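The analysis underlying the following values was restricted to heavy atoms, covering all of them including side chains, and did not include hydrogens, waters or symmetry mates. Residue numbers start from 1 in every chain, and the chains themselves are labelled A, B, ... in the order their sequence lines are given, proteins ahead of strands. Only a predicted model underlies this, so the values are computations on that prediction, with no experimental measurement involved.
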Amino acid sequence: GENVEQHPSTLSVQEGDSAVIKCTYSDSASNYFPWYKQELGKRPQLIIDIRSNVGEKKDQRIAVTLNKTAKHFSLHITETQPEDSAVYFCALQKASGNQFYFGTGTSLTVIP
Amino acid sequence: SAVISQKPSRDICQRGTSLTIQCQVDSQVTMMFWYRQQPGQSLTLIATANQGSEATYESGFVIDKFPISRPNLTFSTLTVSNMSPEDSSIYLCSVGQGAGGELFFGEGSRLTVL
C-alpha cells in the first residue's frame, strides 16, 4: 500500500483554540485527499476533502490545505468545540486502482 | 451516498474456526473494499473486491486467509479463515464512487477470537 504519515498522534486543545493535523505522502500520482472523523464505536465519516487541482478548501470551521509539491496536506479546525473530540484520519486515493490508504490517525481532545 | 449493511455486527469466535462477513449496498457500486481496524489503530486495506473476478489483495494479506466474493455490484463477502486471537478486530466494508469520489463505510463487524 501507500505510506501516509500523520502527526500528531494525539492532540489536546482548549475549547475555542485551533487544531492542526498534518499528513505527508509519497505517491505523487495521488490526486484526492479526504479527511475522516471517527467517533468512538462508530464508522469513519467524511468531513472534508480536497482534490489536487486546488490548494485550499474551507467548510465553516474546517479547512484543508494541500501542497502537492511538498506532498503534504493539513486539516485545520478553528474555534474547537467539545464535540470535535474524536479520532481524525487523513487518507489519499491512489490514482491507479482508486484504492484509499489511511494515515495513522490523530486522537483530538477538546477540553471544555 | 450509499447505505451499506454489514452483518454480523459482532461475533465471538473460537480459535481455528472461520467466519463470513456479508456486505450489502443499496445501489450498484463499482468499487468495494475491505478494511481491518485493530483496536486503537488505523484502517488497513485488506483487498479490493472485484465484481466477477478474483479480489486484489494488499501486501500482507492472502486469499487463503481472507477469501472474498463479489458476485454482483451490490454484494460482497469477506471470510476470515482459521482464526486466531490476532484476528480480533473490526472489519469494515466500504464502497467508492470512482476517482475523486467519497468512500463510504459500513458499520463494521467486530470479531473477537478466543
Enquirer: For the residue pair A/Pro112 and A/Pro82, what are the closest heavy atoms and their distance?
Expert: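 What the structure gives for the nearest pair is CG-CG, 4.2 Å.
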Enquirer: So what's closer than 4.5 Å to chain B heavy atoms on A/Phe89: side chain, backbone, both or neither?
Expert: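 Interface part for A/Phe89: side chain.
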Enquirer: Would you indicate whether the side-chain heavy atoms of A/Tyr25 and A/Glu2 approach each other to under 4.5 Å?
Expert: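 Side chain of A/Glu2 against side chain of A/Tyr25, heavy atoms only: no contact under 4.5 Å found.
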Enquirer: Side chain, backbone, both or neither: which part of A/Pro44 has a heavy atom under 4.5 Å from chain B?
Expert: both
Enquirer: Where does A/Gln38 contact chain B at under 4.5 Å (heavy atoms): side chain, backbone, both or neither?
Expert: side chain
Enquirer: Heavy-atom distance under 4.5 Å to chain B: side chain of A/Tyr36, backbone, both or neither?
Expert: side chain
Enquirer: Side-chain contact, heavy-atom cut-off 4.5 Å: A/Lys71 with A/Ser28?
Expert: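 Yes, side chains in contact.
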Enquirer: Please flag which part of A/Tyr32 lies under 4.5 Å from any non-hydrogen atom of chain B: side chain, backbone, both or neither.
Expert: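 Contact with chain B is through the side chain of A/Tyr32 alone.
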Enquirer: Could you tell me which non-hydrogen atom of A/Asn98 sits nearest to which non-hydrogen atom of B/Phe33, and how far apart they are?
Expert: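 It is O-CZ, 3.5 Å.
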Enquirer: Any idea which heavy atoms bring B/Arg110 and B/Ile90 closest together, and the distance?
Expert: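 Here B/Arg110 and B/Ile90 meet closest at NH2-CD1, 3.5 Å.
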Enquirer: So what's closer than 4.5 Å to chain B heavy atoms on A/Gln93: side chain, backbone, both or neither?
Expert: side chain
Enquirer: Tell me, for B/Gln41 versus chain A, whether the close heavy atoms (under 4.5 Å) come from the side chain, the backbone, both or neither.
Expert: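 Only the backbone of B/Gln41 comes within 4.5 Å of chain A.
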Enquirer: Which answer fits B/Glu58, side chain, backbone, both or neither, if we ask what part of it has an atom under 4.5 Å from a heavy atom of chain A?
Expert: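 For B/Glu58, the side chain is the part near chain A, not the backbone.
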Enquirer: Select, from B/Ser59, B/Gly96, B/Gly101, the one with the greatest count of heavy-atom pairs under 4.5 Å involving chain A.
Expert: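 Highest number of pairs under 4.5 Å: B/Gly101.
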Enquirer: Return yes if a side-chain donor-acceptor contact under 3.5 Å exists between B/Glu107 and B/Ser9, otherwise no.
Expert: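 B/Glu107 vs B/Ser9: no donor-acceptor pair found between side chains.
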Enquirer: Does any backbone or side-chain atom of B/Leu45 lie under 4.5 Å from a heavy atom of chain A? Answer side chain, backbone, both or neither.
Expert: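 Just the side chain, heavy atoms under 4.5 Å.
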Enquirer: Where is the tightest heavy-atom contact between B/Lys7 and B/Ser109, given as atom of each residue plus distance?
Expert: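 Looks like C-OG, 4.3 Å.
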